[in-house]
Each structure stands twice: as structure tokens, then as C-alpha cells.
Visitor: 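Pasting a structure below so you can have a look.
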Amino acid sequence: MGGTCLQFFGFISGFIGWMGVVVATATNDWVLTCDYSINTCRKLDELGSRGLWADCVISIGLYHCKPLADILTLPAHIQAARALMITGSFLGLPAVFLLLSALPCIRMGHDPGVEKHKRFLLGGVLIVILALSTIMATIWFPVSTHKETTIVTFGYSLYAGWIGAAFCLFGGIVIVCCTGESQAFMENRFYYSSQGSGSPTHAKSANV
């Protein structure tokens, strides 16, 4: 029972974390940049927002963005952060599928417990790789940006990435380290035996 709870807990944690990583990748509010205070920069229309996909100017009643479309002229840290975040987002797809298909409540034909255990471990490893990729991108990007300009605060996209990476790392570690041996994935199967024409049918469990 404890192993099953850990499996569900690791899967839910990894799934929530992956959603956070996808949000961080798709949105653009990573860091806010300014040479003065936030209020002063808003009045002077100099409060900037930087992300993976655009540079924006924020002021009262205005939110104007310039897409970062020219890949060849982009700084190395933006290209690297893009690659890491996209890799992490796409790794979540097979990871979630593997974890979901290996849950005790999911049956795919006569799937042996050993195979489900292997899929669950592989999904956990992918979740950990996803988390590490996100951590590298969400640390590298603001550090490198701060060398170019002054960062006054972090945006919600960066927080989503950090929270998502934490959930993924925690869930992946739980999956890899705490799910037990492959015998824990052996399914309880039921067979029915009839004792006479008028006797009730009894269900018995057998470990396969």
C-alpha cells in the first residue's frame, strides 16, 4: 500500500511540475529590467520585460513586445535556455505516458509487473532530466541577463519554472528511489471457480 501511494504521489508531483515547465516555456515574463525604480521606469516607459521569445516594454496602459526572431543574432544564453526548456517540455510527454501506463490502476493486456516497473523507472529518470534542464535554464538566463542590464525583479514565468522544476525533481526522486522492487508491481489477478450449479462464485487473488 505504501509503495502504491508513493507511485501516485511521484506521478502527481511530476505531472504538476511538468505543467509549470510548459507555462514557463510558453510565456515571456521571465525578468523585469530597469535602471531606476519600478515606478520611475513605468513613468518613463523604460520598464522592460525579457523572456525567451521577446523583449517587451511595460508602461501604464501599454505592453509592447519585440519578438526575438533572428536566431543567429541572439545571445548564447537565450539560445541555450530555449533549447533546455523546449527539451524539458517535450521530455514530459513520454515521461507522463510511461508513468501513467505503469500505475497500478492501469492495465494494458497481460502486462507483467517487471515491465511496468521498468517503464515507471524510465519515466522517473525522464522527469529528473526534465527538472535538471529547467533548473539550468532558469538560473543561467537571469544570471546572464543581469550582466547585460539591471534586473529589478523576477517575473511569474521564472517562478513557474522554478516551482515546476522543484516538483519534477522531487517527484522524479520519489519515483526512482522509493518505488521498491519490481515485485511490488505484480498485479493481483482474480479468477473465479464455480462450486456446483447452485453454489455462489468465489473470487480469489493470485500474484502473477
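Heavy atoms only: backbone and side chains are in, while hydrogens, waters and symmetry mates are out. Residue numbers run from 1 in the order of the sequence given.
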Visitor: Is there a path of hydrophobic side-chain contacts, each under 4.5 Å between heavy atoms, that joins L84 and V128?
Guide: no

Visitor: Within a reach of under 6.0 Å around CE of M19, are more than 12 heavy atoms found that belong to other residues, nucleotides or ligands?
Guide: yes

Visitor: Determine whether the aromatic ring centres of F141 and W30 lie less than 6.0 Å apart.
Guide: yes

Visitor: Any chance the side chains of S101 and R119 put a donor and an acceptor closer than 3.5 Å?
Guide: yes

Visitor: Could you state whether Y156 and I139 fall into the same hydrophobic cluster, counting links through intermediate Ile, Leu, Val, Met, Phe, Trp or Tyr residues with side-chain heavy atoms under 4.5 angstrom apart?
Guide: no

Visitor: So, the side chain of Q7 versus the backbone of I175: is there a donor-acceptor pair under 3.5 Å, distance only?
Guide: no

Visitor: Check whether more than 12 heavy atoms from other residues, nucleotides or ligands sit under 6.0 Å from atom CZ of F90, and answer yes or no.
Guide: no

Visitor: Does a donor on one side chain and an acceptor on the other come within less than 3.5 Å for S157 and D29?
Guide: no

Visitor: Of all the heavy-atom pairs spanning A165 and A131, show the shortest one and how long it is.
Guide: O-CB, 3.5 Å

Visitor: Starting from L91, can I reach W140 by hopping between I/L/V/M/F/W/Y residues whose side chains sit under 4.5 Å apart?
Guide: no

Visitor: Taking N28 for its side chain and A54 for its backbone only, find out whether a donor-acceptor pair lies under 3.5 Å.
Guide: yes

Visitor: When you measure from the side chain of S13 to the backbone N and O of F167, does any donor-acceptor pair fall under 3.5 Å?
Guide: yes

Visitor: Please report the closest heavy-atom contact between L68 and G51, naming both atoms and the distance.
Guide: CD1-O, 3.9 Å

Visitor: Checking side chain to side chain contact (heavy atoms under 4.5 Å, CB included) for the pair D70/T73: CA distance, chi angles, key distance, verdict?
Guide: CA-CA 6 Å; D70 194 352; T73 60; 3.4 Å; yes

Visitor: What are the two closest heavy atoms between M85 and V21, and how far apart are they?
Guide: CE-O, 3.8 Å

Visitor: Look at the side chain of W18 and the backbone N and O of S89, then say whether any donor-acceptor pair between them is shorter than 3.5 Å.
Guide: yes

Visitor: Less than 4.5 Å apart, any side-chain heavy atom of P67 and any of W53?
Guide: no

Visitor: Residues two or more places apart in sequence or in another chain: which of them pass ring pair (Phe, Tyr, Trp, His ring centres under 6.0 Å) with F11?
Guide: none

Visitor: For V31, is there any backbone N or O sitting under 3.5 Å from a side-chain donor or acceptor partner on R50?
Guide: no

Visitor: T134 and L169: side chain to side chain contact (heavy atoms under 4.5 Å, CB included), yes or no, with the steps?
Guide: CA-CA 10 Å; T134 304; L169 186 61; over 6 Å; no

Visitor: Looking at F170, I want to see if its CZ is surrounded by more than 12 non-hydrogen atoms of other residues, nucleotides or ligands under 6.0 Å.
Guide: no

Visitor: What is the distance from atom CG of L121 to atom CG of L126, rounded to the nearest 0.5 Å?
Guide: 11.0 Å

Visitor: How close do C168 and L130 get, counting heavy atoms only, and between which atoms?
Guide: SG-CD2, 3.6 Å

Visitor: Test of understanding: clusters of I, L, V, M, F, W, Y form through side-chain heavy atoms closer than 4.5 Å, transitively. Do L132 and V143 belong to the same one?
Guide: yes

Visitor: Might you point out which heavy atoms bring V23 and A160 nearest each other, and give the distance in Å?
Guide: CG1-CB, 4.2 Å

Visitor: What is the minimum heavy-atom distance between Q79 and I71, and which atoms define it?
Guide: NE2-O, 3.0 Å

Visitor: With the 4.5 Å side-chain cut-off for hydrophobic clustering, are V22 and L99 part of the same group?
Guide: yes

